[in-house]
Every structure is written in C-alpha cells, then in structure tokens.
Amino acid sequence: MSFAAEIRDKAITLWHIQRVKGLVRDHTQIGPHAFVTVTEFHCTHPACPGLATRITIFGIDLMRREVILHRPVADITAHDLRNVSAPRARR
C-alpha cells in the first residue's frame, strides 16, 4: 500500500470516528462536558473476527460506560447505538 493510500485510509477512519462520536452525543444527550472516545481495533475473540469498535463515555460525574460493537467504525449507524446509554450516577 502506498503512503498516500495509508493517509487516505486513516483520514476516512478518523472521519467515521468523529461521525460516531456525534451520533453518541445525539443519542445519549450527554452534553458537551462528557468525554467520548471511539476506537476501532482488531478483535481477537473467536466469535468476533475482524474489526470492532469500542465506545467509551466518561460522564461529568466520573462514571464510565463502555460498549463494544462488533463492527468496523465505518459501518456503525444510529440504529447500532440503541443500547448505548449515558453513565448514571450511583445512589
């Protein structure tokens, strides 16, 4: 793969990461002060060959919620986020 193709692929992945972050913020309505990370990684579990996406939400109350979707970040839609919720404070 050429250097230009690698840069293009990384740029496309970064665009999808930002798109998914926006979808997470819209879906969970967490506000601007929560920290959202989206990471694409190679899943090593036998039931999940290939790429997967980890979404982590750190709330302003320092609670953390993490979800792994067994799909590449480019394939994630708003429908895939139906089980993602904002962290809730413990009482």
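Side-chain atoms are counted along with the backbone in the values below, which use heavy atoms only and exclude waters and symmetry mates.
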Working to the nearest 0.5 Å, report the span between CD1 of I12 and CD1 of I7. 11.5 Å
With rounding to the nearest 0.5 Å, note down the distance linking CG in L81 to CG in D26. 10.0 Å
Review item, side-chain donor-acceptor pairs of residues 40-59, under 3.5 Å, at least two apart:
from	atom 1	to	atom 2	distance (Å)
E40	OE2	V73	N	2.9
H45	ND1	A47	N	3.0
T53	OG1	R71	O	2.8
T53	OG1	V73	N	3.1
T56	OG1	E66	OE1	3.4

Has the side chain of [X] got a donor or acceptor atom that lies under 3.5 Å from a matching backbone atom of [Y]?
X   : Y   : answer
R25 : A34 : yes
H27 : A78 : no
R82 : H79 : yes

For the student: nearest non-hydrogen atoms of [X] and [Y], plus distance:
X   : Y   : value
D80 : D75 : OD2-O, 3.6 Å
I17 : V38 : CG2-O, 3.7 Å
V36 : K21 : O-CE, 3.4 Å

Establish whether V67 and I30 are linked, either directly or via other cluster members, by ILVMFWY side-chain heavy-atom contacts under 4.5 Å.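 Yes; I30 is reachable from V67 via cluster members.
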